[in-house]
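Working notes, structure below.
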Protein chains: 2
Amino acid sequence: MRKTIAKEAILKTINESDTALSQAEIQAILPDGLCNRVTIYRVLDRLVEEKSVHQITNIDGVVKYANCHSCSTEHKHDHIHFNCEKCNVVTCVEDVEPTFKLPSNYQINQLNFMVSGVCPDCLDS
Amino acid sequence: MRKTIAKEAILKTINESDTALSQAEIQAILPDGLCNRVTIYRVLDRLVEEKSVHQITNIDGVVKYANCHSCSTEHKHDHIHFNCEKCNVVTCVEDVEPTFKLPSNYQINQLNFMVSGVCPDCLDS
DNA sequence: AATTTAATGCAACAAAGTTGCTTTAACAAA
DNA sequence: TTTGTTAAAGCAACTTTGTTGCATTAAATT
């Protein structure tokens, strides 16, 4: 994957965020006119493919992207993600890994475990 | 909720299906012209609200609906759903309930646990 | 049968994401 | 450093999924 201005800026945006971001949210953060809307979608696809970022489908169906925080050795995204219904923010709950057991005749390629509710910050206020 | 032709037909469609169905899939099953597209969306919203069906957001972001098979005593949908990437079918894996533990300062309202891969049927062929 | 209002139909809209095709710009090789 | 190759970007048009406002219809209550 070529090192382009769009890719660098998008990856930086995701890595500097402590929440998972959608294409729309990334576009809002990027300097106006840095790149086309479609380019963001295509860069995100490539970042996922090269395993530089995690892809999460939120409970409302919107796809979000997050940095691979604890993936230095291995690309893992088997942790839970939390969607706050108040502040509408999706965060990785990295230390909580759910356990489950499917029959062995299922081939598992991907997990997407979402918990939705109210986050600690919003419960406070 | 009033007992209308659309509601009865949509609920019957969901209950007779052994897979979770999207609005588009339900529309394709219903007799042509039985009701408007928008009506399906609105009936589905009401069925979810009155806890007659489960709502699942698939890993591709499309919302699907399934019958409450083992909810005779209590409305629970804490089980895993499986998305087959070959036949593109979503099924409830009712007997597999995942365990996880969030910090107590999270208020949990809803779960959406998806596993995606290849189902036993598609692995056979 | 009359009344109330939930439910439906229709058109228009909106958000999220995709596709085709041309142009631009990484970057490798000469 | 220039040239050639092709990945990546831009742009317009499109698709899918889902929503909203408002007028009309039809459950269900009296």
Side-chain angles (χ1 to χ4, degrees), chain A residues 1-14 19-50 52-66 81 83 85 88-90 110 112 114 116, chain B residues 1-14 20-50 52-66 83 85 88-90 110 112 114 116:
Chain A
M1 190 183 181
R2 287 182 183 173
K3 186 172 172 173
T4 66
I5 293 163
K7 183 207 163 181
E8 296 300 293
I10 292 166
L11 190 53
K12 188 166 176 277
T13 303
I14 294 169
T19 65
L21 300 174
S22 66
Q23 178 276 332
E25 288 165 335
I26 291 168
Q27 188 174 358
I29 293 169
L30 289 178
D32 210 49
L34 183 130
C35 74
N36 190 270
R37 195 171 82 78
V38 179
T39 300
I40 303 179
Y41 279 113
R42 295 203 262 227
V43 167
L44 288 171
D45 284 348
R46 276 180 258 138
L47 288 173
V48 168
E49 208 180 351
E50 77 176 28
S52 296
V53 299
H54 289 302
Q55 188 180 49
I56 306 131
T57 305
N58 197 3
I59 213 152
D60 63 4
V62 175
V63 176
K64 299 215 169 196
Y65 301 87
H81 293 94
N83 170 62
E85 293 158 11
N88 203 31
V89 149
V90 171
Q110 220 188 134
N112 195 77
M114 289 295 313
S116 186
Chain B
M1 188 181 181
R2 286 181 184 173
K3 187 171 172 174
T4 66
I5 292 163
K7 183 206 162 183
E8 296 300 292
I10 292 167
L11 188 54
K12 186 165 176 279
T13 302
I14 294 170
L21 300 174
S22 66
Q23 177 276 330
E25 288 165 334
I26 291 168
Q27 188 172 0
I29 293 168
L30 289 178
D32 210 49
L34 183 129
C35 73
N36 190 270
R37 193 172 82 78
V38 179
T39 300
I40 302 178
Y41 280 112
R42 293 204 264 229
V43 167
L44 288 171
D45 284 349
R46 276 179 256 139
L47 287 173
V48 169
E49 208 180 349
E50 76 173 30
S52 295
V53 299
H54 290 303
Q55 187 179 50
I56 307 131
T57 304
N58 197 3
I59 212 153
D60 63 4
V62 175
V63 177
K64 299 216 171 195
Y65 301 87
N83 170 63
E85 293 158 9
N88 202 32
V89 150
V90 171
Q110 220 187 133
N112 195 75
M114 288 295 314
S116 186

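Because the structure is a prediction, the values reported are computed rather than measured. Lettering follows sequence order; numbering is per chain, from 1.
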Atom [atom1] of [X] to atom [atom2] of [N]: distance rounded to whole Å?
X	N	atom1	atom2	answer
B:Tyr41	C:dC10	OH	C1'	16 Å
B:Arg37	D:dT15	CZ	P	14 Å
B:Asp60	D:dT16	CG	P	13 Å
B:Lys64	D:dT16	NZ	C1'	14 Å
B:Ile40	C:dC10	CD1	C1'	14 Å
B:Leu21	D:dT17	CG	C1'	16 Å
A:Gln27	D:dA9	CD	C1'	14 Å
A:Leu44	D:dA8	CG	P	14 Å

Does any N or O in the side chain of [X] come within less than 3.5 Å of the main-chain N or O of [Y], such that one atom is a donor and the other an acceptor?
X	Y	value
A:Thr39	A:Cys35	no
A:Asn112	A:Thr57	yes
B:Gln27	B:Ala24	no

Query raised in the report: Can a side chain N or O of B:Asn36 be found less than 4.0 Å away from OP1 or OP2 on C:dT8?
Result: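 Result: no.
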Query raised in the report: Below 4.0 angstrom from OP1 or OP2 of C:dT8, is there any side-chain N or O of B:Thr4?
Result: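 So the side chain of B:Thr4 is within the cut-off, an N or O lying under 4.0 Å from OP1 or OP2 of C:dT8.
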Query raised in the report: For B:Arg46, which contact category applies under a 4.0 Å heavy-atom criterion: base, sugar-phosphate, or nothing?
Result: sugar-phosphate
Requested in this report: Under 4.0 Å between any heavy atoms, over every strand shown, what does B:Val38 touch: base, sugar-phosphate, or nothing? Just pick one.
Outcome: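 Result for B:Val38 = base.
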Requested in this report: Report the residue (B:Val62 or B:Met1) whose heavy-atom-nearest nucleotide on DNA chain D is the more 5′ of the two.
Outcome: B:Val62
Query - Of A:Ser22 and A:Arg42, the one whose closest DNA chain C nucleotide lies more 5' - result: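 The answer here is A:Ser22.
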Query - Closest-nucleotide 5' rank along DNA chain C - winner of B:Lys3 and A:Lys3 - result: B:Lys3
Query raised in the report: Given side chains that start at C-beta, do those of B:Val48 and B:Tyr65 come closer than 4.5 Å, heavy atoms only?
Result: yes
What nucleotide, of [options], holds the atom closest to the side chain of [X]?
X	options	value
A:Arg2	C:dT8, C:dA25, C:dA7	C:dA25
A:Asp45	D:dA9, C:dT18, C:dA25	C:dT18
A:Val63	D:dA9, C:dG9, C:dG17	C:dG17

Requested in this report: In plain terms, say whether B:Lys7 and B:Glu50 are close enough for a salt bridge, that is, a side-chain N and a carboxylate O under 4.0 Å apart.
Outcome: yes
